[in-house]
Structures are given as C-alpha cells and as structure tokens.
Colleague: 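Here it is, the structure, as structure tokens.
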Amino acid sequence: MTQTPATDQTNTPAHANDHAPCYITTPIYYVNDRPHIGHCYTTLVADVLARAQRLLGRDVFFLTGTDEHAEKVVKAAADNGMSPMDWATKNAERFKDAFTFMGFSNDDFVRTTEDRHKTRASAYIKKLKDADIIYKGEYKGWYDPSQEEYVTETTAKENDFKSPVTGKPLEERTEENYFFRLSNYETWLKATINSGELKILPEARKNEVLGRIAQGLNDVPVSRRIKQGDPDWGVVMPDDPEHRVYVWIEALCNYLTTVDTEDRRKYWPQRSADDAHPAPTITHLMAKDILWFHAVIWPAMLHALGETIPSTVYAHAYWIAEGRKMSKSLGNFIEIDTLRAYAARYHLDAVRWFLTTQGPLGPTDADFAHARFVEVYNADLANGIGNATSRVSNMIEKYLGGEIERTCDGRFGFEEGVALQTARAARAAAGNPVDDDSRVFDLRSSCEEALRKAEASLANDCITDTLTAGKALSDEVDAFIAYAAPFTLAKRLDEFEHGQRALATILYASAEALRIASLLLAPAMPFQMAELWRRWNCNHLTLPDDPNSPFVAPLEHLAHWAGDFGLKPGQRIAKGDPLFMRADPAEPAPSAN
RNA sequence: GGCGGUAUAGCUCAGUUGGUUAGAGCGUGGGAAUCAUAAUCCUAAAGUCGCAAGUUCAAGUCUUGCUAUCGCUACCA
C-alpha cells in the first residue's frame, strides 16, 4: 500500500510506456510539525494528480517525505529526552500514518537523514563547489546574540536594529560562508520562465517571481561555520569540515537524490537536444511560502549541475479555518485528527473531494467551513453521484432483475431512435407528457467530450476539470432520467411493442455514462468508486478489492462507450448501501475527540 | 516603506482585444415528477460590477485618485 516503497516496476502495465514518464513531488515536511490540513492538502493534490496520470496510462513516480536536518530538531529531541534520530523517526512515522490514512499512493517516502539522500546531496554540492559555482565568501549580517542567530536585513531595519525577541541591540557581524552564484543565472531564469520551459503556476505566482527576479539576484549563502558544541546533524560542506550546508539547500536535493538511481533515472533523465524519447514531466507541488526556493534557486542549481529542470512548479495558497487564518496563537489549526473525524462521519473520499474541489489551488486562500463542507457534500456527493448511482442501480434491480440486458449507442432523441419516443409515449399515456418533445441526449458524445476535457486539463497539471467533467456527466444522467422517466415506462410495458427494449436501452445508457463518470471521479475518490465498480462487476482494476492496484488499461480504453471494459449484457448490477449518505446540516461539526 | 494582485448576485467565483437585456455553481422562492439517500427535473427572483473623477459615440473591461483586502520584500524551517 501507500507507505511501501514500490521500488520495482515489475507491476507496471505494458501500456505505461506509451507515454512520457511523470514525476510528481510534494515538499518534504519539517519533521517537528504535526501533520495538519496544509501537509495533507498539498500531498492530496499530488495524489489526485498522480492517480489521474496513472489513469491516463502514464508511468508515474510520486514522492513525498520529511525534512529532518534542522537544528531545531536537535533541540526538540533533547527537550523530549531523545536522540535526534529517534525523535525524527518518531515524527516521520506520524506523517507516514497521516498519509496512509489519507489514502495517498506515493511510491516512496524519503527522509533526508537517509544515506541515499545525504551521500548524493553531498556529491551534488561538491560538484558545484569544484566548479566554483559554490564559492567561499564573506557574509555580512545582523546577528542577534541573545538568540544566537542572524536576522534578515529587513527584519533588522523593521526592529530598529534590535532583537525582535529580546529588544537587545543587534551586532553587525562578518562571517566566512559559502555562497551559491545565483546572480549568474538571472538572465537564464528570466528566459526559461518566460518561454514556459519552466512553468510557474498559478499565473499570479509566476508574475510574482518574475517581478522579484527583475529586482536583481544576489548570491545566496549556503553554509554556516560549525561552532564549538554544535550537534553533528546535517550535511557537512564537502572538503571543508568546518562548514555545514544549510538545511534548505540540502533538502531541495531530495527531489533528485531519490530518483538518482539506475532504475529511476527515467523520471529525471539527463537529456540532449536530439533526444527522441518523449520528455518526462517533473511537477513540484507546494504551498506558496516556499515558491522562491523551488522556482528560482532549485532550477538554477539544477542548471548549474547540468541536470534537467522541472517542467512545472505549482504553488497553491493556504487553507483558513471558518474564515480565520490558522495560527499557533489561535490554536485553530485543522489537524489530521479533525480530518479523521470528518472521514469517520462522511467518508474519507468526501474529505478528499471537498479538499480537492474547494481548496486553494489558485492564488487566493480557501476556507474550510463546516457549513460549506456539508453543502458541498450533499450537493455533489449525496445528491449527485451517490444518488444517481443509487437510482440507476435500483431501477436495474427492479426492472431488469439486476442484470444488464443490452447495450446501446447512448444517443436519444435522434431520428432513428425508438427508445426515447417510446418513453415519451409512456409519459403521455400516464398523463404527464414532456414539456419539450424535441430534446435530445447524446450521452456517448458527452462522455467522449468529458474524456477530451480531462486529458487536455491534465496536460496542464489541472486536476479539477477532470473531476467537474465527471460530475457534469452524472448531472446529465439525472436530467436524462427525469426526462425519459424509465419508471413511468416500466409500469406500461405491455402498452408498447418495444417497451422492454426501450427500458433496457435507457437504463443501459444511464449506467454506462455513470460508469465513465466514475472513472473521471476516481482520482479524487478512489475508494468509493472502486466500491461502485465492485457492485457493478466492472473490471477496471487489476485487483478489484484493492483500490490502489493499477488499472488494467488506460482511460481511453476503459472509458470507451460499450467497449471492452464497458457494461455488457448479462453483467450483474447490485445496488448496495448509499455511497454517500445524505448529511444533516444541523448536526454540529465532527470533533477530533 | 518598496513592488505587485484583488474588489462583480446571500456565498464561491467566470467575464475574451472596451460594444446590444452582466454569467456559472451552490443557496433561496415557485412548479412538476416519484426510480432514488424527501434525492431529481423545470423555472423564477436577486447585482447602482468597492468609491469618485476622467478618456470615449460606447467601460465591469482603459487612466488617475481614494478606501478595503491580500501577496512578495531573499538566506528560520
């Protein structure tokens, strides 16, 4: 499952090689933090994207992990009477547990304290140092003796050159440090970002980064001199044991160190201009606070190393809670336990759906409000896809004995079609004729359209269009059922020559469209969609009982109307319990305790 | 302080190079239907497009000022 590194690719389906590989990362999370909605959200977006790309048939590698080399980790460990490593391990496990709970399908979980990371990160830095791209220089800054740390120029100025914490005067100090020649890459960065070779999303963030680059780039310090009594924690500057590499610069390397192995290099290949293989896509997802490192410093480092640069750096905004910014002082962080409580009441897939569709993917923050959660849950899931599958399953059980009788082309209201004419006649006979007898439904074309939309949006790392396309299909089925009223026809079968055939045709089209909708919804709701496939005996997954098992074919094939994986005559359809039970808006929010 | 973004129906947001009655989803009102988780379908109402001035035959869409709000301001993760 999720936390098991899938290091071997032997289970990769054959079709996976038809497309370029796809590498998706989240930041590695600071191990002193407790997993909260922020960590879960970024990783969920990555998971939905990874699942969607796998569904398209791509060979995906999805990485997350923990950042463990901060000095504060040593302190926190000491405060808790543990060794830094034991403390880090304990907290890394909390992230792993949280992510397992969220149903994430990451292929690996990297910890920066692992040798595989440290040795390679160290090698990259050595390479840069040997090339004089990392050089020894002098850092002049404002030092806060009471806190034993430097403060930034701006912070120093804002606080009138006094310690922001204690108010004692700051000292101007000069220190010997190593620097990275970021200033060398100003022109290159501008060109690379402007050309779209490096996509920074959303657009607003790209402009922010470009604006800041335009103000000029300075070389950045990447190390600090090791002082007497410093803990041995982190990566030492190659060939200079008196300096330690700053955590963040070593941490960035995790994206490359983890796939810098023979079997994984396909996700991050060193490419030449005439490379015939399709270029893999490398997508870094993160929250907006760490965009600068990922959009500027990291690509420049990679460029200096002669490595491929990421194709997309996506920085989403923050969640706020019930209209208020989450902060430690307010103590209103939505922690993993709150999400667990929501999942226990509404289903994990409902939590995933809400976060994905209502989240701050754009440049502005989004609100996690209980009332809103229930509204979206009822509108999209209980009344939407949940109810639609219930009513269709129910009618197939009731009118067709729980078995698909025939297929059809999914087009209704057109000249040659008899099924909808029969259904309209039945409504008229029942004294409830349709308002508009010229209405047409082309469910098959709608499905094909939805598929195109999904593929186009995923090429731009957009996950929501795929989901809304799936939801739109389910909505169309609802409208079709209301119009065709198969339940009315079912009561008057003997009045019409082809009544039974018309009924079976209408129900087939409804169910087949919902099956295709469920495929598009699956990246966000893998568990309940797999449950639906079990009830409907659809063989989409290699292991029908394991929602995390690979798909048996790419989406294009799976979603083919009445195709090899479509519903077939004789296929058993079971109704089962509601996938998403309607929620009571009056009920108080689930509590973590 | 500097640079930049945003202000459009109750809520969340779309609104292309300025051009007829400003759109969607959710929520709300009315009607229909009853297969379904009282779900669904049809339909309606609701906006002086932050405020003020300007450019123009014509501005939500351009300019200026004001107000509110948000982000970035680099080496803590």
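Every chain is numbered from 1 and lettered A, B, ... according to where its sequence line falls, protein lines coming before strand lines.
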Colleague: Nearest to the side chain of A:S390 - B:U37, B:C35, B:C26?
Modeller: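 Of all the options, the side chain of A:S390 is nearest to B:U37.
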Colleague: From C-beta outward on A:N387, which listed nucleotide comes closest to its side chain: B:U73, B:C41, B:U37?
Modeller: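 Given the options B:U73, B:C41, B:U37, the side chain of A:N387 is closest to B:U37.
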Colleague: Below the 4.0 Å mark, does B:U37 have OP1 or OP2 next to a side-chain nitrogen or oxygen of A:K575?
Modeller: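 So the side-chain polar atoms of A:K575 do come within 4.0 Å of the phosphate oxygens OP1 or OP2 of B:U37, strictly under.
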Colleague: With the side chain of A:F487 defined as its heavy atoms from C-beta on, choose the nearest nucleotide among B:C42, B:G27, B:C35.
Modeller: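 Minimum distance to the A:F487 side chain belongs to B:C35.
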Colleague: Please tell me whether A:H294 and A:Y255 form a close aromatic pair, meaning their ring centres lie under 6.0 Å apart.
Modeller: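 A:H294 vs A:Y255: aromatic centres under 6.0 Å.
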Colleague: If only atom types and distance count, is the side chain of A:H243 paired as donor or acceptor with the main-chain N or O of A:D240 below 3.5 Å?
Modeller: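 Checked: no pair found.
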Colleague: Please identify which of these residues, A:K288, A:K325, A:R324, meets the salt bridge (Lys or Arg N to Asp or Glu O under 4.0 Å) condition with A:D365.
Modeller: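 Considering A:K288, A:K325, A:R324, a salt bridge (Lys or Arg N to Asp or Glu O under 4.0 Å) with A:D365 is found only for A:K288.
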Colleague: Using the C1' atom as the point on both nucleotides, what is the distance between B:A53 and B:C11, in whole Å?
Modeller: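 Pairwise C1' distance, B:C11 against B:A53, rounds to 32 Å.
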Colleague: Quick check on contacts: within residues 463-471 of chain A, what sits under 4.0 Å from RNA chain B by heavy-atom distance?
Modeller: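 Nothing qualifies; none.
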Colleague: Would you call the rings of A:F354 and A:F373 parallel, tilted or perpendicular, taking 30° and 60° as the class edges?
Modeller: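 A:F354 vs A:F373 ring planes: tilted.
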Colleague: Which of the following nucleotides, B:U40, B:A33, B:C13, is nearest to the side chain of A:N432?
Modeller: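 Comparing B:U40, B:A33, B:C13 against the side chain of A:N432, the answer is B:A33.
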Colleague: Looking at the base of B:A77, is there any donor atom on it, or on the side chain of A:D67, that sits under 3.5 Å from an acceptor on the other one?
Modeller: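 Flag unset: no donor-acceptor pair detected.
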Colleague: Just checking A:H347 against A:Y342, ring centres under 6.0 Å apart?
Modeller: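 Between A:H347 and A:Y342, the centre distance exceeds or equals 6.0 Å.
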Colleague: Between B:U40, B:G27, B:A77, which one does the side chain of A:A379 approach most closely?
Modeller: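 Per side-chain heavy atoms of A:A379, the pick is B:G27.
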Colleague: OP1 or OP2 of B:A36 less than 4.0 angstrom from a side-chain nitrogen or oxygen of A:N394, does that happen here?
Modeller: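 Checking A:N394 against B:A36: at least one side-chain N or O falls below 4.0 Å of OP1 or OP2.
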Colleague: Nearest of B:U37, B:G71, B:C41 to any side-chain atom of A:A482?
Modeller: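 Closest nucleotide to the A:A482 side chain: B:C41.
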Colleague: What pairs with A:T64 under side chain to side chain donor-acceptor pair (under 3.5 Å), at least two apart in sequence or on another chain?
Modeller: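 A:T64 satisfies side chain to side chain donor-acceptor pair (under 3.5 Å) with A:T26 once adjacent residues are dropped.
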